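Beneath this line is the structure, given in C-alpha cells, with notes to follow.
Numbers for residues simply follow the sequence, beginning at 1. All figures in this text were calculated on a predicted structure; none of them were measured in a lab.
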Amino acid sequence: MGDTLICSERDDQDSRSGREVNVGTPRRMIHVIGGSEYGGGSVMIAQWARAAIDAGWEVDILASNPRTQAAARAVGAGVVDLDVARRPIRPLRDFVDLIRLYWFFRNNRYNLVQCHTSKGALLGRAAATLARVPVVVATAHGFAFNERSSQLTIRAITLVERLAARWCHRITFVSEFHGRWAAELKIGRQEQHVVIPNGIPDIADSVERPRKEVREDLGVDEDEFLIVAHARLAPQKGLDVLIDALPEAIAISSRPVRAVIAGEGPDRAVLEDTIRRRDLSKSVTLLGFRSDIADLLAAADVIVLPSNWEGLSISLLEALASGRPVITTRIGSNVEVTSDGRAALLVERDDPEALAQAISRLADDDDLASQLQSRARNAYVDRYTDTEMNRKYVELYDQLVPLAGPPRS
C-alpha cells in the first residue's frame, strides 16, 4: 500500500460495501504516529484507541510500521498507511510530508487529531492546524532530549517545542516528571498541560505456564538467581551496563547468577560481541523477541531495567505488575514510578559496579526481595492500571470536542 493510501481502511471497506461514509460525523479521531518504530508508545496508543472506540468514537491510526498497524487493527481501529514523519530530520522531505498531511486532513475530516513522537507531533500539529481540524492534542511520551542531553540541545529543541505548542489545544504527558520539566522550560501554557500517567493491563493475568517449566525451558536451575531484562536492544535501555555488571555480580553473590534479555533492536550485534569478549555466553542469553513476557517475568528472581532515559517505561510497569523484585535506574520517571525507590532498588545509570552490588544484595536477602515484591505490586495497582489511564483519556476527549474552536496562540 506504501504511501499512496489517503483514507483509512475502514473508510475503504465502507465504500466498497455501499455504505455512505459521512466524514463529518462527530466523534471521529486519528492518532498520528508516522514512521516511528514499534515500542511502548505504540502499545499505549492502541490502548487509548480501544478505550475511545468503546466510548463511541471512530478511531484511525496513521502509522507506517507494520507492527504498529497490526496493533491498531487488533483493537478495531482503522489504519492509515501514509508514509510520513520518518527519522531523521530532512528539511525538504519533511516539508513535503507536511503538505501531504495537510491535504490528508483537508480531505478526511476529523474532530480530533492526537499527535505522537517528536517528528509526528511537530508535522501533525502544524498540518492539522493549517487544515482547521477542530481539536489538536499532542502527547509527549518523552522529549527529543533527555537528562543526558547537552544544554545546547535542550535549548534548541525547547524553542521548537514552544512553537509547536501554539498549534494544539492540549499537551498530555505520560509522567509527572515530564509535565514539571515542560513547565520549567515554558513549553506551552500551564492550562494546556494534562498529566495522564501510562497504565497497563494486569500482566499477572497473562501468565500461562508454571515458573518451573519456564525456567527449565531456559536451562535455568531452581537454585540459580535468574535476572530477566525485557527491552528494545538500543542504547537508551542501558543493557550493556547489565552485561558489564554480571562478572562482579557472579563473583560476589552467594547464589549462581544467570541473566536472560528479551527483545530485538539495533544493538543486538554489539551486545553479542560484548558477551563473547567478556566470556559470558554461559551466564547471559539474548532471547530475541518473545511473546511470553508475562511468563518470563513470573519466572524471574529479579527484573533489571538499567535505562539511561525514559518517558514512562512500559517495561517498568510490567515489572511492577508482575510482583517480582525490580532494580532500575535513578532517572526522572523511574524515581516517580517507584516512589523514590520504595518499590524497587534504584542505582545510578551507567554504573555497572552499583548494579552488581544491587543484584548481589537481592540474591542474598530474601526478606528484602519479599518486601520489594509486595511494594512493586502495590505501586502498580494503586497508580498504573490501564483502567484509570483510559478513563482519563476518554474524559479529556469528551471535554474537548464540545468546546472546540481553532487553536489559538
**Q.** Arg27-Asn111 side chain donor-acceptor pair, cut-off 3.5 Å
**A.** no
Measure from the side-chain N and O atoms of Arg268 to the backbone N and O of Glu264, and report whether any donor-acceptor pair falls under 3.5 Å.
-> no
Do side-chain atoms of Arg349 reach the backbone of Pro306 as a donor and acceptor pair under 3.5 angstrom?
no
Those residues at least two apart in sequence (or on a different chain) that pass side-chain hydrogen bond (donor to acceptor under 3.5 Å, both in side chains) with Thr139 are Gln114, Thr172
Rounding to 0.5 Å, atoms CG (Leu239) and CZ (Arg232) come to a distance of 11.0 Å
>> Can you tell whether the side chains of Asp273 and Arg277 come within less than 4.0 Å, N to carboxylate O?
In response: yes
> Would you find more than 12 non-hydrogen atoms of other residues, nucleotides or ligands less than 6.0 Å from Glu213 atom CD?
Replying inline: yes
*Without hydrogens or angle criteria, can the side chains of His169 and Gln192 be said to hold a donor-acceptor pair below 3.5 Å?*
no
query = Under a 4.5 Å cut-off applied to non-hydrogen side-chain atoms, are Asp202 and Asp205 in contact?
reply = yes
(message) Just so I know, are the side chains of Thr329 and Asn308 near enough to count as touching, which here means a heavy-atom distance under 4.5 Å?
(response) no
When rounded to the nearest 0.5 Å, the distance separating CD1 of Ile331 from CZ of Arg148 is 10.0 Å
* **Side-chain donor or acceptor of Ser360 paired with backbone N/O of Ala356 under 3.5 Å** => no
Between the CG atom in Asn334 and the CG atom in Asp340, the distance rounded to the nearest 0.5 Å is 11.5 Å
Contacts satisfying ring-ring contact (aromatic ring centres under 6.0 Å, His included) that involve residues 180-204 (not counting sequence neighbours) are Phe143-Trp181, Phe145-Trp181, Phe173-His193, Phe177-Trp181
- Would you mind checking if Glu388 and Arg391 are paired as a salt bridge, meaning a charged N to carboxylate O distance below 4.0 Å? yes
All heavy atoms of Ile154 vs all of Asn146, minimum pair found to be CD1-O, 4.3 Å
- Is the His141 ring parallel, tilted or perpendicular to the His116 ring (thresholds 30°, 60°)? tilted
Less than 4.5 Å apart, any side-chain heavy atom of Leu345 and any of Leu372? yes
**Message:** Ring of Tyr110, cation from Arg28 - is the NZ or CZ under 6.0 Å from the centre and inside 45° of the axis?
**Reply:** yes
- Do Asp301 and Arg215 meet the salt-bridge criterion of a basic N to acidic O distance under 4.0 Å? yes
- Trp57 vs Tyr397 aromatic rings, parallel, tilted or perpendicular, using cut-offs 30° and 60°? perpendicular
Open item on the list: Checking side-chain polar atoms at under 3.5 Å, does Gln69 have a donor or acceptor matched by the opposite partner on Asp81?
Closed with: yes
*Under a 4.0 Å N-O cut-off, is there an ion pair linking Arg324 with Glu318?*
no
For the residue pair Glu310 / Ser307, report whether a side-chain donor-acceptor contact shorter than 3.5 Å exists. yes
Is Gln236 atom CD crowded by more than 12 heavy atoms from other residues, nucleotides or ligands, each under 6.0 Å away?
-> yes
Residues at least two apart in sequence or cross-chain that pass salt bridge (Lys or Arg N to Asp or Glu O under 4.0 Å) with Asp386, listed by chain then number, are none
>> Strictly below 4.0 Å, N to O, side chains only: are Arg86 and Asp83 in salt-bridge contact?
In response: yes
Which of Val347, Ile261, Leu355 passes side-chain contact (heavy atoms from CB on, under 4.5 Å) with Val304? Answer is Leu355
| said: Strictly distance-based, threshold 3.5 Å: is any side-chain N or O of Ser253 a donor or acceptor partner for the main-chain N or O of Ala249? | reply: yes
Flag yes if more than 12 heavy atoms outside Glu208 fall under 6.0 Å of its CD atom; otherwise flag no. no
Checking Ile293, Asp295, Val228, Ile303 against Ser322 for side-chain contact (heavy atoms from CB on, under 4.5 Å), the one that qualifies is Ile303
Side chains of Arg258 and Lys282, heavy atoms from C-beta outward: is any pair under 4.5 Å? no
Arg342 atom CZ, neighbour heavy-atom count above 12 within 6.0 Å:
no
Worksheet entry | Asp223 with Arg255: basic N within carboxylate O range, under 4.0 Å | no
### Message
Donor-acceptor pair, distance only, cut-off 3.5 Å: does the side chain of Asp267 make one with the backbone of Val270?
### Response
no
*Check the surroundings of atom CZ in Arg361: do more than 12 heavy atoms from other residues, nucleotides or ligands lie under 6.0 Å from it?*
no
For Ala245, does its backbone N or O pair with a side-chain atom of Glu248 as donor and acceptor, under 3.5 Å? no
